[in-house]
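Here the structure is laid out as structure tokens; the discussion comes afterwards.
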Amino acid sequence: MESSHLLGSSKKRVKIHPHTVTAKYATHAPYSPQPGVHTHFPQPGDEGYDDAPSFEDFGSFLEETSDRKQLTESKRWPLTLFGSKDKDTAHKPQAAAGADGSEVAAKAAKGSGRGVGEQLASFGEASVSASRLTWVGLLCAALAHGCLIVLTRLASERFSLGPLFLLLVRSIFQLLSLAVPLHRGENPFGPEGYRLRLFCYGMAYSLSLCCAYSSLTFVSPGNATTTWRLATTALSATLAFLLLEERLGLPDGITIAAGLCGLGLVLLPTVDESNSDSQTDPVVFWRGAFGWSLSALAGLWMALALVGYRSLKDRVGVGTALFTVSWTGCLLAPASLFVLQEGWSWPVSAPAWGLVLGLVACSVGAFLGMTHALTRLHPALVSASQSLEVPVAMLLHLAVLPMVPTAPEVVGSVMIILSVVWLVVMKLLPSRGGGRRQREEYEEILDSPIK
């Protein structure tokens, strides 16, 4: 701890490292929040960064606390990321009122620091609750992705509906998401200055879907989905580090690596595939190679999309992102249909339309859960959690289609499930301990003899 004393002044400045908390207070009160109070939140790569609440969550927390006027007086607090100039203007008279009531605040702080402790406890509980909702949404998105795989295969085998046609129908239905940004008074094409980046995000996401759905024509759905997820997880970790300088902690890296090993086991060829004619027939070989390449390319585009939205999370809402993905998909899906010469086949029966509507609902739910999680979590963690779609699809195939998994597929699925469960437990359980440590640190500051 280091302190600097200014002669002739009644104030002192205290800096505590590594969790730097700069406090300025007068000698007549042990603790009095001033406009110069700043707190240091975990940075990318620090422990607890992924569980740290976003500024939106902290803003809603401030609205529910009684001391929000004092806590929001800091000029450096980045609540203006959305350009809310009205809020800043509204806080200026509040700052004057806070200065007039500083004596009351000083008297309230002279006790045991119970007010700050209660606020920290409430904030910690709100953070844990938000993290739990985020992970619940991610797990529901993984279940929706698993259902999406099975529904796409059923539509192709029983109703002769091509994958790219399903993608086009899905994009058309999702255009209804235009109502969300319009209802909120937002520009559906993004805020000014960020529209090009939002367009690139939509193109990358739609290109990923087009490549993934096109690969189903050349390789089996299971292999295509597994390759897509494996490439997305590995490349999102790399691109997030290179483009956003967001690092993964060692426990997260080990857990993700275990999940990737499980995906690799699922991709191991069976005995029938090893002894098939694909090794001798050049047409079959290159057809399969093209399908595998499309799956890997889909993973690259999806990783770019995840990292791209991660950089836009403070400017672009989930509804605007869904509309962007929808209208770019309406442009790219017909182009892919034309290039691959895939025929058009409209649903002609009620079960077929019900299956298509179920596919649309699953795709929207999966997108919402995954995109919302990107506002709080590392892209690689989001993608790794979606690996759960592989064992979910395997179980659904057992119930719907007469398909028995091989031993490597079972072992790989178990590894994927364990890695995702451990990731969720590791992210949620330490939150309470972290909140207690934070409260203890603040109580230690309040009880400090430095005045």
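Since the model is a prediction, treat every value here as computed from it, not as a measurement.
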Can you give each donor-acceptor pair under 3.5 Å made by side-chain atoms of residues 417-425, sequence neighbours left out, with the distance rounded to 0.1 Å?
from, atom 1, to, atom 2, distance (Å)
Ser419, OG, Met415, O, 3.2
Ser419, OG, Ile416, O, 2.7

* To do: I would like to know whether Glu389 and Thr225 meet side chain to side chain donor-acceptor pair (under 3.5 Å); could you show each step before the answer?
  => CA-CA 9 Å; Glu389 66 183 356; Thr225 304; 5.9 Å; no
* Can you check side-chain contact (heavy atoms from CB on, under 4.5 Å) on Lys427 and Ser131, steps first, answer last? -> CA-CA 8 Å; Lys427 289 298 177 183; Ser131 298; over 6 Å; no
* Phe173/Val364 under side-chain contact (heavy atoms from CB on, under 4.5 Å): CA gap, chis, key distance, verdict -> CA-CA 10 Å; Phe173 274 100; Val364 172; over 6 Å; no
* Check step by step if side chain to side chain donor-acceptor pair (under 3.5 Å) holds for Trp228 and Ser208. => CA-CA 9 Å; Trp228 182 23; Ser208 174; 3.2 Å; yes
* Asked: Ser206 and Thr328: side chain to side chain donor-acceptor pair (under 3.5 Å), yes or no, with the steps?
  -> CA-CA 6 Å; Ser206 297; Thr328 52; 2.7 Å; yes
* To do: Let me see the working for Met426 and Asp252 under side-chain contact (heavy atoms from CB on, under 4.5 Å), right down to the final yes or no.
  => CA-CA 9 Å; Met426 185 173 55; Asp252 294 339; 3.2 Å; yes
* Show your working on side-chain contact (heavy atoms from CB on, under 4.5 Å) between Arg315 and Arg197 and close with a plain yes or no. => CA-CA 11 Å; Arg315 298 288 184 177; Arg197 291 169 60 182; over 6 Å; no
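Under the ring pair (Phe, Tyr, Trp, His ring centres under 6.0 Å) rule, Tyr205 has a single partner from Phe367, Phe323, Trp301, which is Phe367.
No more than 12 heavy atoms of other residues, nucleotides or ligands lie within 6.0 Å of CZ in Phe241, so this atom counts as exposed by the packing criterion. Environment of CZ in Arg195: crowded, with over 12 heavy atoms of neighbouring residues, nucleotides or ligands closer than 6.0 Å.
The side-chain heavy atoms of Arg310 and Leu306, taken from C-beta on, include no pair separated by under 4.5 Å. In this structure, Ser413 and Pro405 have side chains that are not in contact, with every pair of non-hydrogen atoms separated by 4.5 Å or more. A 4.5 Å side-chain heavy-atom check between Trp327 and Phe199 finds at least one atom pair inside the cut-off. Between Met302 and Cys211 there is no side-chain heavy-atom pair separated by less than 4.5 Å. You'll find the side chain of Leu248 reaches within 4.5 Å of the side chain of Leu381, heavy atoms only. A heavy-atom distance below 4.5 Å is found between the side chains of Leu260 and Leu263. You'll find the side chain of Thr227 reaches within 4.5 Å of the side chain of Trp292, heavy atoms only. Here the side chains of Leu322 and Thr371 are not in contact, with every heavy-atom distance at 4.5 Å or above.
Not a single donor-acceptor pair under 3.5 Å links the side chain of Arg229 to the backbone N or O of Leu388. Side-chain N or O atoms of Ser215 include one that pairs as donor or acceptor with a backbone N or O of Ala212 at under 3.5 Å. Judged purely by atom type and a 3.5 angstrom limit, His372 has no side-chain atom pairing as donor or acceptor with the backbone of Leu368.
Closest non-hydrogen pair, Leu178 versus Pro181, comes out as O-CD, 3.2 Å. Scanning all heavy atoms of the two residues, the minimum distance from Arg170 to Leu148 falls at NH1-CD2, 3.7 Å. Between Pro347 and Val356, the shortest heavy-atom contact is CG-CG2, 4.0 Å. The two residues Ser383 and Thr232 come nearest to each other via the heavy atoms OG-CG2, 3.3 Å. Smallest separation of non-hydrogen atoms from Ala142 and Gln386: N-OE1, 3.2 Å. Annotation for Leu268 and Pro408: closest pair CD1-CB, 4.1 Å, computed over non-hydrogen atoms.
To the nearest 0.5 angstrom, Cys362 atom SG is 10.0 Å from Leu143 atom CG. Rounded to the nearest 0.5 angstrom, Ser236 OG and Leu244 CG are separated by 11.0 Å. Once rounded to the nearest 0.5 Å, the distance linking OH of Tyr213 with OG of Ser336 reads 12.5 Å. Annotation: the span from Asn187 atom CG to Glu192 atom CD amounts to 9.0 Å, rounded to 0.5 Å. Here the OG-CZ distance, from Ser214 to Phe290, works out to 7.5 Å after rounding to the nearest 0.5 Å. Here the straight-line distance linking atom CG of Leu239 with atom CG of Leu304 works out to 5.0 Å at 0.5 Å rounding.
Under the 30°/60° scheme for interplanar angles, the aromatic rings of Tyr201 and Tyr309 are found to be tilted.
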